[in-house]
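Values in this document were obtained by computation on a predicted structure and should not be read as measured data. Sequence lines set the chain letters: A, B, ... in the order given, protein chains first and strands last, and positions in each chain run from 1. Computed from heavy atoms alone, side chains included, the values below leave out hydrogens, waters and symmetry copies.
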Protein chains: 2
Amino acid sequence: MNITVAIADDHAVVREGIKAVLQKTTAGIEVVAEAANGQQALDIARNSPADIYLLDISMPLLNGLEVAERLSRMSPQCRVIILSMHDDKSSVEKAFQSGARGYLVKENAAEEIVQAVREVYAGKFFLSPEVSRYIVQDFLGGRGQYVRKARFRDLTGKEKEVLQLVAEGFSSKEIAGNLNIALATVQVHRRNIMRKLDIHKQADLVRFALKEGIARL
Amino acid sequence: MNITVAIADDHAVVREGIKAVLQKTTAGIEVVAEAANGQQALDIARNSPADIYLLDISMPLLNGLEVAERLSRMSPQCRVIILSMHDDKSSVEKAFQSGARGYLVKENAAEEIVQAVREVYAGKFFLSPEVSRYIVQDFLGGRGQYVRKARFRDLTGKEKEVLQLVAEGFSSKEIAGNLNIALATVQVHRRNIMRKLDIHKQADLVRFALKEGIARL
DNA sequence: AAAAAAATACCTATAAAGCGGTAGGGCGAT
DNA sequence: ATCGCCCTACCGCTTTATAGGTATTTTTTT
C-alpha cells in the first residue's frame, strides 16, 4: 500500500515541485491532497487524512507550526514534516515542540524529501543536515529546552490576534474597534505580549511578528 | 527549435517545480541550466546563454533584480522573467526598471509560467494578473512614474540612516545618541520621512523599511 | 467540582511618537 | 549670487504606547 502524503504550502510552484519529486520515485508514495493554507490543511486532516503531512511554516490563516500542534492534539499518531525556508534554531525547536517528526530546509536537494517521508513514516525522526547540529548542541548542552525564552507558542489566541494587528499598523484604539473589545483590554493584551516575549518597543514587536510569520510584509 | 530556459532560484524545490511544469507541456520548452544564486545565473549567461531567464528575486550573492539589470546591460536582447513571492508594487516597478520582460507571482497556477515563457520569447511582456493592475493604474493615471508615491530613493542620506535605526527598534532618543545629533533633529527627520512616504505610524514605517531592505528581519 | 489560566475592564502615570511652525548654516546648481 | 535642498536645532501640543495595579467573568485544565 502506498504512503499517502498531504502537502500544505501557499505557493503552487512549491507544491508542484514536491509532487514532481515524490512522483519521480518509483516507490509507493502518493500525494493525495494539497492545501494552500493552514485551515485547508486541517480540513484535509479531518475529512481525508493522510499518512504524512508536509507543512510549510509560513502560510496564511494558520502557519505550519500551529497546524502541527493542532494535528498532534487531534490525533497524536499523525506524522508531520515541517518545511522551512530558514534553518534557525528557534524554528527547529518550535517544530519539534509542536509535535513534528521531521524538519526540512527548502534549499536542500529534492531527494531528501523522499528520504524524510520514508523515515518519518517508519516512525523515525528526520532532520536536514543543516539543522541537526542544533539537536546535537542541545543534547550535549543538556537541558536546552528548559532555559529557552518564551515565544510565539506561549501567546494566547487573543494575544496573537492583537499582535498581528499591531504588526499590521493598527493602533490600540483601532484594534479595540476591530476586535470589538475595550481599549483598556487591548492595552492589557499588548502588555502581556511584551512581557511574555521580553520585548519593550513597538518596532521590535513588529519585527517579531514578521519573523514569526504572524503578519506579512 | 526549442525555447531554452535557465532557472535561478536558491530553493531546489522551486526549481524542480518549475522544471516539472515546463516539461509537462509537450511543446518546445527546454530547461538547459539551473542556478542557485545570482552569481551562478550570470555565469550561465556568459558561458551558455539561454533564451529566457527565470529569476527569483531573493537569492544569495546577487538578487534577481540585480541579475536582471546586469543581464540587460550585457546583452539587451536577452529576456528575463522575474519570479517573486510578493505582489507589491515597488517590486513590480523595480523588476521592469531592471529590464525584465515578465513578472510572475509564485502563488499562481503553474500553467502561467508556460504562458509567460512563450509570450516573453515572442517579444511581448507578461504579468501575473495580480500585479497587472499596477501597470494599468499607472497607465490610467497618465504619467504614472511622475505622480507615483515618493519612496526610498527620495529619502536623503540622513533620513535613510534614521529610518534604518527606527526599523531596528531604536527610539528617537537612542537614535540621537547613536548618530550624535539632537533629539529634535531626529524628530524632524522622522517627520520628513513620514511626510515623504505618506506613512503615519511606526509600525508601518518598520514594515516599509523591511520591505525596502533597509533593515533586516 | 475545584483550580488555573485567559479574557475582560478600569485607573493612574510616564515615556515616546506624531504633528505644527520656525530658523540658521552649508552646499550645489541655475 | 540667488535659489533650493539638506542638515541641524528649538518650542509647543496632542495622541499613542508602555507600565503598574486591581478585579470580575469566562474558559480550560486538572
Side-chain angles (χ1 to χ4, degrees), chain A residues 66 69-76 97-99 150-210 214-215, chain B residues 146 149-210 214-215:
Chain A
E66 292 174 309
E69 206 163 334
R70 300 194 191 196
L71 284 178
S72 302
R73 275 209 293 268
M74 277 168 53
S75 47
Q97 281 159 14
S98 303
R151 278 188 189 285
F152 178 54
R153 56 180 286 103
D154 300 310
L155 299 182
T156 68
K158 263 288 182 303
E159 285 166 352
K160 287 178 195 172
E161 284 185 71
V162 170
L163 176 55
Q164 181 181 353
L165 292 169
V166 168
E168 283 173 358
F170 294 99
S171 69
S172 295
K173 195 193 284 185
E174 291 168 332
I175 294 170
N178 196 312
L179 298 181
N180 207 33
I181 56 180
L183 171 61
T185 306
V186 175
Q187 290 171 328
V188 171
H189 285 316
R190 288 182 77 141
R191 239 173 39 219
N192 289 335
I193 291 166
M194 290 192 286
R195 182 178 41 73
K196 286 182 181 178
L197 302 176
D198 194 26
I199 285 175
H200 307 277
K201 286 172 183 172
Q202 191 183 176
D204 291 325
L205 215 51
V206 173
R207 289 151 50 81
F208 175 85
L210 292 171
I214 298 168
Chain B
Y146 301 106
K149 280 183 186 173
R151 279 200 316 282
F152 178 54
R153 68 170 69 83
D154 300 307
L155 299 181
T156 68
K158 263 292 180 300
E159 284 167 352
K160 287 177 195 172
E161 284 184 69
V162 171
L163 176 54
Q164 182 183 349
L165 292 170
V166 168
E168 284 174 357
F170 295 99
S171 69
S172 295
K173 195 194 285 185
E174 290 168 334
I175 294 170
N178 198 313
L179 297 181
N180 207 31
I181 56 180
L183 170 61
T185 308
V186 176
Q187 290 171 331
V188 171
H189 284 315
R190 287 183 77 142
R191 239 168 45 212
N192 289 335
I193 292 166
M194 289 192 287
R195 184 177 41 73
K196 286 181 181 177
L197 301 176
D198 193 27
I199 284 175
H200 307 278
K201 286 171 186 172
Q202 191 184 181
D204 291 325
L205 216 50
V206 173
R207 287 150 52 82
F208 174 85
L210 292 171
I214 298 167

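- Checking dT8(C), dA19(D), dG18(C) against every side-chain atom of V188(A), the shortest atom distance belongs to dT8(C).
- Side-chain nitrogen and oxygen atoms of T185(A) include at least one within less than 4.0 Å of the OP1 or OP2 phosphate oxygen of dA9(C).
- Distance Q187(A) CD to dT16(D) C1': 9 Å, rounded to the nearest Å.
- OP1 or OP2 of dT8(C) lies within a sub-4.0 Å distance of a side-chain N or O belonging to K158(A).
- Between V186(A) and L179(A), the closest side-chain pair of non-hydrogen atoms is not below 4.5 Å.
- The side chain of R190(B) places an N or O atom within less than 4.0 Å of a non-bridging phosphate oxygen (OP1 or OP2) of dA17(C).
- Among the heavy atoms of the strands lying under 4.0 Å from A184(A) is at least one base atom, whether or not backbone atoms are also near.
- Between L163(A) atom CG and dA17(D) atom P the separation is 14 Å, expressed in whole Å.
- Rounded to whole Å, atom P of dT15(D) lies 14 Å from atom CD of E174(A).
- Paired with H200(B) under the rule side chain to side chain contact (heavy atoms under 4.5 Å, CB included), one option of L197(B), D198(B), D204(B) passes, and it is D198(B).
- Regarding contacts with the backbone of dT16(D), a side-chain N or O of K173(A) is found under 4.0 angstrom from either OP1 or OP2.
- Rounded to an integer number of Å, the gap from CD1 of I193(A) to P of dA5(C) is 19 Å.
- Along DNA chain D, the nucleotide closest to L183(A) and the one closest to A182(B) are compared, and the more 5′ of them pairs with A182(B).
- Put simply, CG on L179(B) is 15 Å from C1' on dA9(D), counting in whole angstrom units.
- OP1 or OP2 of dA17(C) has at least one side-chain nitrogen or oxygen of S172(B) nearer than 4.0 Å.
- Side chain of H200(B), nearest nucleotide from dA7(C), dC6(D), dC19(C): dC19(C).
- Considering only side-chain atoms of H189(B), the nucleotide from dA17(D), dA19(D), dC7(D) that sits closest is dC7(D).
- If you take CG of L205(A) and C1' of dA17(D), they are 11 Å apart, rounded to a whole angstrom.
- Whole-Å rounding puts the K196(A) NZ to dA5(C) C1' distance at 9 Å.
- Here the side chains of H189(B) and I181(B) are in contact, with some heavy-atom distance below 4.5 Å.
- For the pair T156(B) and K196(B), the minimum side-chain heavy-atom distance is below 4.5 Å.
- For dG20(C), the base has no donor-acceptor partner in the side chain of R195(B) [N/O atoms by modelled type, under 3.5 angstrom].
- Here the C1' atom of nucleotide dT18(D) and the CD atom of Q202(B) are 12 Å apart, to the nearest Å.
- Using a 4.5 Å cut-off on side-chain heavy atoms (C-beta onward), R190(A) and Q202(A) make contact.
- In terms of position along DNA chain D, the nucleotide closest to E159(B) lies nearer the 5' end than the nucleotide closest to the other residue of the pair E159(B) and R191(B).
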